[in-house]
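Inspection log for the structure reproduced underneath, given as structure tokens.
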Protein chains: 2
Amino acid sequence: MIKRRNTTTQEAVLAVLKSKRKAMSHDAVFQLMDVDADRATVYRILNRFCKDEIVHKIVADDGKQYFAICDNCEGLPPIPANHFHFRCTQCETIECLAEPITYSLPDNYIVQQTNCILVGVCKDCR
Amino acid sequence: MIKRRNTTTQEAVLAVLKSKRKAMSHDAVFQLMDVDADRATVYRILNRFCKDEIVHKIVADDGKQYFAICDNCEGLPPIPANHFHFRCTQCETIECLAEPITYSLPDNYIVQQTNCILVGVCKDCR
DNA sequence: TAAATAAATGCAACAGTGTTGCATTAAAGA
DNA sequence: TCTTTAATGCAACACTGTTGCATTTATTTA
Ligand SMILES: [Zn+2]
Ligand SMILES: [Zn+2]
Ligand SMILES: [Zn+2]
Ligand SMILES: [Zn+2]
């Protein structure tokens with residue numbers, strides 16, 4: 001793997017992701033960062049984190065990418081992120097659920113990744 | 001519900017969706033139509049079909065919307081489309097699986113919709 | 001410590017997807 | 001045939017995410 005360097009922007013992105021224990025969109029991360037950086041740079045950092053398996057990416061039903069460093073993933077390889085995600089339509093947050101994704105497939109299908117989102121109202125919002 | 005009118009464009013979109021038994025992106029539908037219409041019109045038709053529950057929409061992990069009129073859905077209300085979808089990375093198709101989505105949730109969560117995609121290689125491509 | 005290397009960044013431009021306002025067309029009913 | 005209004009075409013727009021390229025800067029090496 002390519003050697004990584006420590007940069008303040010990178011640290012800032014990581015700090016934001018760690019502060020919220022939810023999946024965050026690029027824009028949400030960008031807004032909350034305490035150092036200012038270029039949009040493209042933040043995208044590149046997030047994608048780098050994915051490659052390095054520091055975070056995992058979920059594409060929600062709004063078509064946007066969300067990035068999460070979740071408790072459930074700690075220790076475990078986050079890819080494939082085979083747990084459900086929950087998007088609350090009230091508080092507009094996306095969180096990792098401990099619930100693993102289970103299914104039975106027709107013959108001869110091979111699953112490499114999953115992207116599963118349950119949409120509804122979370123415990124805090126009902 | 002608002003009264004609908006029959007139009008050739010609408011028929012063409014429906015014909016395309018029926019011809020392939022897969023979930024199709026706007027673009028794929030647009031390419032395969034035998035009458036030429038405006039992009040925006042096709043988008044409006046597809047969204048109308050969703051409202052009228054003629055098709056259901058899936059957002060894949062590429063962030064794009066896909067529209068399907070699937071066998072499994074016939075008779076059943078397609079929303080929430082609580083079955084898994086499978087995207088094959090080889091033939092780049094998305095299909096509805098008969099497999100229903102099952103999960104157990106933390107207390108006090110309510111699920112209103114699902115958007116679950118399994119990604120891998122389908123039976124025809126391995 | 002100073003020079004060399006290349007990873008990371010800033011900036012700008014771009015591609016792609018999807019939506020919306022508004023004037024016009026045309027389907028359905030009287 | 002006339003009326004009503006759903007549906008369309010066109011254009012412009014918003015938004016998300018990516019990429020090329022010159023520049024900066026973290027890290028290694030001398
Ligand atoms: Zn909530
Ligand atoms: Zn997760
Ligand atoms: Zn296939
Ligand atoms: Zn389906």
Side-chain angles (χ1 to χ4, degrees), chain A residues 1-17 23-68 87 92 94 113 115 117, chain B residues 1-17 23-68 85 87 92-94 113 115 117:
Chain A
M1 203 220 296
I2 301 159
K3 197 70 165 296
R4 300 297 182 207
R5 292 179 183 179
N6 276 350
T7 66
T8 53
T9 313
Q10 212 170 131
E11 293 298 309
V13 171
L14 195 59
V16 170
L17 285 170
M24 302 180 72
S25 67
H26 159 269
D27 192 56
V29 173
F30 191 66
Q31 303 290 342
L32 289 175
M33 286 173 54
D34 51 1
V35 302
D36 58 290
D38 192 70
R39 250 166 32 88
T41 303
V42 176
Y43 272 113
R44 277 189 271 233
I45 289 171
L46 289 170
N47 286 330
R48 210 153 60 216
F49 283 172
C50 284
K51 271 199 210 108
D52 297 351
E53 305 195 351
I54 294 168
V55 303
H56 65 279
K57 184 191 291 189
I58 310 114
V59 177
D61 55 326
D62 59 1
K64 286 167 59 182
Q65 303 178 346
Y66 290 80
F67 301 86
R87 181 167 75 81
E92 278 303 345
I94 296 178
Q113 309 166 37
N115 191 81
I117 296 158
Chain B
M1 201 219 298
I2 300 158
K3 196 68 166 296
R4 300 298 183 205
R5 292 178 183 179
N6 274 350
T7 65
T8 53
T9 313
Q10 212 170 131
E11 293 297 310
V13 171
L14 195 58
V16 170
L17 285 170
M24 303 180 72
S25 67
H26 160 267
D27 194 56
V29 172
F30 191 66
Q31 302 290 342
L32 288 176
M33 286 172 53
D34 50 0
V35 302
D36 58 292
D38 193 70
R39 251 166 31 90
T41 302
V42 175
Y43 271 112
R44 277 190 272 233
I45 289 171
L46 290 170
N47 285 331
R48 210 152 60 217
F49 283 172
C50 284
K51 272 199 210 106
D52 297 351
E53 305 195 353
I54 294 168
V55 304
H56 64 278
K57 185 192 289 189
I58 311 115
V59 177
D61 56 326
D62 60 1
K64 286 166 60 181
Q65 304 179 345
Y66 289 79
F67 301 86
H85 293 91
R87 181 167 74 81
E92 279 302 346
T93 63
I94 297 178
Q113 309 165 38
N115 191 82
I117 296 158

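A note on names: the letters A, B, ... follow the listed sequences, proteins ahead of strands, and every chain is numbered from 1.
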task: Side-chain contact test, heavy atoms from C-beta onward, threshold under 4.5 Å: evaluate it for A:F49 versus A:L17 and give yes or no.
output: yes
task: Return the value, rounded to whole Å, for the distance between atom CG of B:D62 and atom C1' of D:dT18.
output: 15 Å
field: Value in whole Å for how far the P atom of C:dA6 lies from CZ of A:R48
entry: 17 Å
query: Which distance, rounded to the nearest 0.5 Å, do you find between the CE of B:M33 and the OG1 of B:T41?
result: 8.5 Å
statement: B:F30 atom CZ is separated from D:dT8 atom C1', nearest whole Å, by 13 Å
message: Any non-hydrogen side-chain atom of B:V13 less than 4.5 Å from a side-chain atom of B:L46?
response: yes
query: Between B:Q10 (CD) and C:dA28 (C1'), how many Å, whole number?
result: 14 Å
message: Just verifying a value: how many Å separate A:I45 CD1 and A:I54 CD1, rounded to the nearest 0.5 Å?
response: 11.0 Å
message: Considering every strand and a 4.0 Å limit on heavy-atom distances, what is the contact class for A:D27: base, sugar-phosphate, or nothing?
response: nothing
task: Using atom NZ of B:K64 as one end and atom C1' of D:dT16 as the other, report the distance to the nearest whole Å.
output: 14 Å
field: Bend angle of the helix from C:dT1-D:dA30 to C:dA30-D:dT1, end axes from five pairs each (to 10°)
entry: 30°
task: Sorted by first residue and then second, give each salt bridge (Lys or Arg N to Asp or Glu O under 4.0 Å) pair with at least one member in residues 3-13 of chain B; sequence neighbours left out.
output: B:R4-B:D52
- prompt: Can you find a side chain N or O atom of B:T7 that sits less than 4.0 Å from OP1 or OP2 on D:dT8?
  reply: yes
- prompt: Between C:dT19 atom C1' and B:Q65 atom CD, what is the distance in whole Å?
  reply: 10 Å
- request: Between D:dA6, C:dA6, C:dT19, spot the one nearest the side chain of B:R5, thanks.
  value: D:dA6
field: Near-strand residues of residues 32-44 of chain A, defined as heavy-atom separation under 4.0 angstrom from DNA chain D
entry: A:R39, A:A40, A:Y43, A:R44
- prompt: With a non-hydrogen cut-off below 4.0 angstrom, is B:S25 in contact with a base, only sugar-phosphate, or nothing?
  reply: nothing
query: Are the side chain of B:H56 and the backbone N or O of B:A68 linked by a donor-acceptor pair below 3.5 Å?
result: yes
query: Separation of A:Q31 atom CD from D:dT16 atom P, in whole Å?
result: 10 Å
query: So which one's nearest nucleotide on DNA chain C is more toward 5', B:K3 or B:G63?
result: B:G63
- prompt: What integer distance in Å separates A:N47:CG from C:dA7:C1'?
  reply: 16 Å
task: Side-chain contact test, heavy atoms from C-beta onward, threshold under 4.5 Å: evaluate it for B:N47 versus B:K57 and give yes or no.
output: yes
query: Once you round to the nearest 0.5 Å, how far does CZ of A:F30 lie from OH of A:Y43?
result: 9.5 Å
message: What I'd like to find out is whether the side chain of B:H26 reaches to under 4.5 Å of the side chain of B:R39, using heavy atoms alone.
response: yes
